[in-house]
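Structure first, commentary second.
Numbered from 1 within each chain, the chains take letters A, B, ... in sequence-line order.
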Amino acid sequence: MPAPPCASCHASRAALRRPRSGQALCGACFCAAFEAEVLHTVLAGRLLPPGAVVAVGASGGKDSTVLAHVLRALTPRLGISLQLVAVDEGIGGYRDAALAAVRRQAARWELPLTVVAYEDLFGGWTMDAVARSTAGSGRSRSCCTFCGVLRRRALEEGARRVGATHIVTGHNADDMAETVLMNFLRGDAGRLARGGGLGSPGEGGALPRCRPLQFASQKEVVLYAHFRRLDYFSEECVYAPEAFRGHARDLLKRLEAARPSAVLDLVHSAERLALAPAARPPRPGACSRCGALASRALCQACALLDGLNRGRPRLAIGKGRRGW
Amino acid sequence: DCFKAFYVHKFRAMLGKNRLIFPGEKVLLAWSGGPSSSSMVWQVLEGLSQDSAKRLRFVPGVIFVDGITSSWVFPVALRSAIRENPLPKGRWPTPHNSARKHCRGFPQGEVAPCPALPGSVSPDSFCLRFSEGAAFGKSLEERSKTLAEVKPILQATGLPWHVVALEEVFSLPPSVLRCSAQEPAGSEGAYKAAVDSFLQQQHVLGAGGGPGPTQGKEQPPQPRLDPQSLARPPAAAQTEALSQLFCSVRTLTAKEELLQTLRTHLILHMARAHGYSKVMTGDSCTRLAIKLMTNLALGRGAFLAWDTGFSDERHGDVVVVRPMRDHTLKEVAFYNRLFSVPSVFTPAVDTKAPEKASIHRLMEAFILRLQTQFPSTVSTVYRTSEKLVKAPRDGPAASDSSPCCLLCMCALDVDAADSATAFGAQTSSRLSQMQSPTPLTETRTPLGPCCSPGVGRVQGCGQGACRREDPQACIEEQLCYSCRVNMKDLPSLDLLPPYMLAEAQLRTQRAWVLQEIQDCLIEDSDDEAGQS
């Protein structure tokens with residue numbers, strides 16, 4: 001049976017149904033709607049003021065590819081300029097292929113690209129080396145803890161090098177929902193208090209960060225990439241199966257099957273959490289070693305690296321004595 | 001012995017630490033027949049019977065909340081479940097009268113203490129019990145079976161009890177949905193003073209040789225518990241209406257939430273009607289952890305502290321208290337087994353449902369599975385829940401005048417439609433879908449969709465025309481985020497019990513009137529009604 005006409009332009013045949021609303025749209029209208037929603041998020045939250053130099057954290061994956069593409073389409077409306085910053089964590093067999101994709105994109109879109117490597121920044125530690133060093137402890141390796149913290153430092157460093165004023169990352173609604181589930185399951189009250197908003201405003205000298213794709217669900221991101229025929233790298237990280245986030249992701253998939261709006265419901269819940277003042281993280285100061293934003297004497301990156309260098313990789317993970 | 005001491009200590013410590021229950025207060029115990037609430041009732045009974053120094057000082061009543069059976073959904077499985085259920089006590093012979101008479105309650109004279117249960121007869125306590133079996137086409141004989149199982153246990157507690165059918169929701173007054181004036185929370189000093197004065201009273205009366213169980217209080221002689229007036233046999237029309245309502249709900253998740261809401265309202269009403277100021281529910285640690293995660297997924301992140309904290313004061317005069325909060329289900333099960341605590345298995349609406357059927361089931365399965373891998377999951381979630389506070393995120397300024405949700409009675413947590421939040425994202429896409437030709441304007445044109453679901457404040461629905469045009473949207477506006485999502489699964493809001501619709505109508509009207517006279521009112525300058 002023929003596809004119904006597009007609900008918005010009424011001209012061409014509908015090519016897809018939006019997962020959130022069930023509306024039938026053709027490819028062009030869907031992409032337009034998607035871009036309009038991202039624009040709305042940015043404008044309503046006043047995330048990127050005109051004249052900003054925006055560093056896009058590009059990993060080569062679908063989220064950052066879509067983000068870069070949409071922002072590039074919106075640059076005339078927003079009056080910003082884009083820079084691509086890619087981080088090389090040194091994961092063999094994965095990151096090099098992803099970086100190749102980023103380079104292709106940068107060439108195609110004519111955007112300046114900067115690559116920052118862990119090796120250079122963090123004294124020769126690549127993620128593979130970190131994984132080897134934490135492997136012997138008998139429990140799960142918690143590589144993702146290291147990678148996440150170090151990558152944010154690297155991104156910040158890269159953004160500074162190109163003189164950016166804002167950092168954007170491609171986290172989508174599914175990521176936010178998984179994060180809040182994960183933080184509850186792990187009892188991480190500090191992160192619960194900090195997260196759930198529109199990104200950090202950038203206190204204490206750190207660059208302001210935001211996530212324009214925050215309210216777009218993963219399916220829509222994939223659909224957009226498909227209709228715009230974007231070229232991205234789609235394999236998952238070698239260390240991903242060990243991550244705790246996998247449980248949260250699994251749960252989220254099932255929740256979405258039971259109720260399609262579950263993802264946005266979770267994001268709404270996360271925004272509205274009210275935590276006790278005692279549980280909130282203290283006002284951030286500066287790290288005593290590298291000067292970056294930190295809520296304790298040492299920023300987490302320095303603390304983790306310290307642990308690695310001393311041969312006690314779990315030093316800064318967990319509550320200290322007992323670890324996790 | 002040590003286990004028992006530890007268990008009892010946890011219970012008493014939870015009550016004592018929070019100091020919310022004043023001596024001589026009337027407390028309603030919500031008993032669902034399940035293990036944790038049975039354990040709670042048992043603890044209370046034991047606590048009442050101890051020597052005076054450690055005796056529990058409040059005046060309890062028991063309400064039995066009968067579980068729903070989903071005969072409509074899983075007819076075969078459930079009937080077999082009921083038959084297989086091993087009863088803790090022998091079955092009572094079913095009287096020849098029709099099942100309806102069962103619902104009418106039982107003569108109050110028989111409050112004979114059962115040898116199996118400790119506890120003196122406390123004449124001032126009440127039992128209340130629900131029978132929701134009709135909600136799902138459970139046949140009358142099945143209902144009477146459950147009632148028959150429950151009745152002896154209730155009688156054995158020695159506390160007067162009621163039988164209330166869920167159909168009673170159709171005769172509830174709209175006042176159920178209004179938050180009554182809140183009594184000021186007792187401070188430290190107030191609690192201590194109350195305890196001291198109570199002890200003094202007891203002393204005086206004890207010296208005069210008064211009988212123990214009266215607890216030294218002036219009480220009106222055995223308040224007549226008119227089962228007849230409370231528990232009329234449910235009219236067939238009401239049963240039919242209830243079945244229709246539940247059958248029309250499309251998803252199991254929404255059904256469960258609706259059931260929970262109706263049940264809460266009924267308990268609230270009965271508590272108010274009989275002068276109870278507190279209700280105790282038997283939610284255990286495990287159940288609360290699951291409930292917390294479920295509520296997160298349902299969009300109730302703003303209300304987690306009320307839903308899972310120790311005390312829940314959103315109804316104002318009646319406070320819901322959760323003393324079993326610290327006990328894990330495993331401990332409860334062991335205790336019940338070791339000390340033969342009677343309980344009744346009543347199949348719930350999601351018994352034997354497949355895992356994917358509802359969010360509640362999913363979350364339960366997930367948490368229990370994760371618990372096997374990471375044994376600290378439940379306690380971690382519980383500890384995190386203790387760190388949640390009840391203040392709304394943007395400070396306490398809006399607490400008095402902020403509108404409350406119609407169904408769950410929490411302060412509304414939705415913003416204006418075009419904000420950069422998850423709610424804003426959903427409504428903006430919906431609005432753009434609804435009105436493609438005309439651009440969206442903020443002005444309230446009388447012809448435009450003034451009741452656009454985006455405007456969260458009741459005052460926004462100020463147009464008189466809207467009351468007649470779109471009652472569905474008007475009701476939706478008065479709901480919090482998660483209740484809205486639930487109501488989406490209900491195709492027609494007319495099937496809701498009349499008290500909800502009446503209250504919604506009343507609120508809309510009131511808001512409209514307020515709008516009309518806005519100019520003449522004098523208000524505190526820092527609390528503008530039109531503030532966004």
Item to check | Spacing of B:Cys480 atom SG and A:Arg272 atom CZ [to the nearest 0.5 Å] | outcome: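 Answer for the SG-CZ pair, B:Cys480 versus A:Arg272, is 11.0 Å.
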Next on the checklist: Can you tell me how far apart CG (B:Leu296) and NE2 (A:His268) are? Round to the nearest 0.5 Å.
Outcome noted: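 One finds 11.0 Å between CG of B:Leu296 and NE2 of A:His268.
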Considering all heavy atoms of both residues, which atom of [X] and which atom of [Y] are nearest to each other, and what is their separation?
{"X": "B:Leu362", "Y": "A:Arg254", "answer": "CD1-O, 3.3 Å"}
{"X": "A:Phe184", "Y": "B:Val381", "answer": "O-CG2, 3.8 Å"}
{"X": "A:Ser269", "Y": "B:Gly301", "answer": "OG-N, 3.1 Å"}
{"X": "B:Met293", "Y": "A:Leu181", "answer": "CE-CD2, 3.7 Å"}
{"X": "A:Asp265", "Y": "B:Ala297", "answer": "CB-O, 3.4 Å"}
{"X": "B:Val485", "Y": "A:Arg259", "answer": "CG1-NH1, 3.3 Å"}

Checklist entry - With chain A, which of B:Thr251, B:Thr253, B:Leu304, B:Leu370 has the greatest number of heavy-atom pairs at distances under 4.5 Å? => result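 Looking at each of B:Thr251, B:Thr253, B:Leu304, B:Leu370 in turn, B:Leu370 comes out on top.
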Item to check | Side chain, backbone, both or neither of B:Glu386 within contact of chain A (heavy atoms, under 4.5 Å) | outcome: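 No part of B:Glu386 comes within 4.5 Å of chain A.
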Next on the checklist: Taking side chain as everything from C-beta outward and backbone as N, CA, C, O, which of these in B:Arg361 sits under 4.5 Å from a heavy atom of chain A? Side chain, backbone, both or neither.
Outcome noted: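 No part of it gets close to chain A.
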Checklist entry - Heavy-atom distance under 4.5 Å to chain B: side chain of A:Leu43, backbone, both or neither? => result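 The answer is neither part of A:Leu43.
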Answer yes or no: does atom [atom1] of [X] have more than 12 heavy-atom neighbours from other residues, nucleotides or ligands under 6.0 Å?
{"X": "B:Arg325", "atom1": "CZ", "answer": "yes"}
{"X": "B:Lys356", "atom1": "NZ", "answer": "no"}
{"X": "A:Arg77", "atom1": "CZ", "answer": "no"}

Checklist entry - Which of parallel (below 30°), tilted (30 to 60°) and perpendicular (above 60°) describes A:Phe244 and B:Phe374? => result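 Rings of A:Phe244 and B:Phe374: perpendicular, over 60°.
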Checklist entry - Residues in side chain to side chain donor-acceptor pair (under 3.5 Å) with A:His247, at least two apart? => result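 None.
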Item to check | Partner of A:Leu185 under side-chain contact (heavy atoms from CB on, under 4.5 Å), chosen from B:Thr380, B:Thr384, B:Thr377 | outcome: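 Exactly one candidate clears the test, B:Thr377.
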Checklist entry - With sequence neighbours excluded, what pairs up with B:Asp307 under the side chain to side chain contact (heavy atoms under 4.5 Å, CB included) test? => result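 Here the qualifying residues are B:Asn295, B:Arg300, B:Phe303, B:Arg314.
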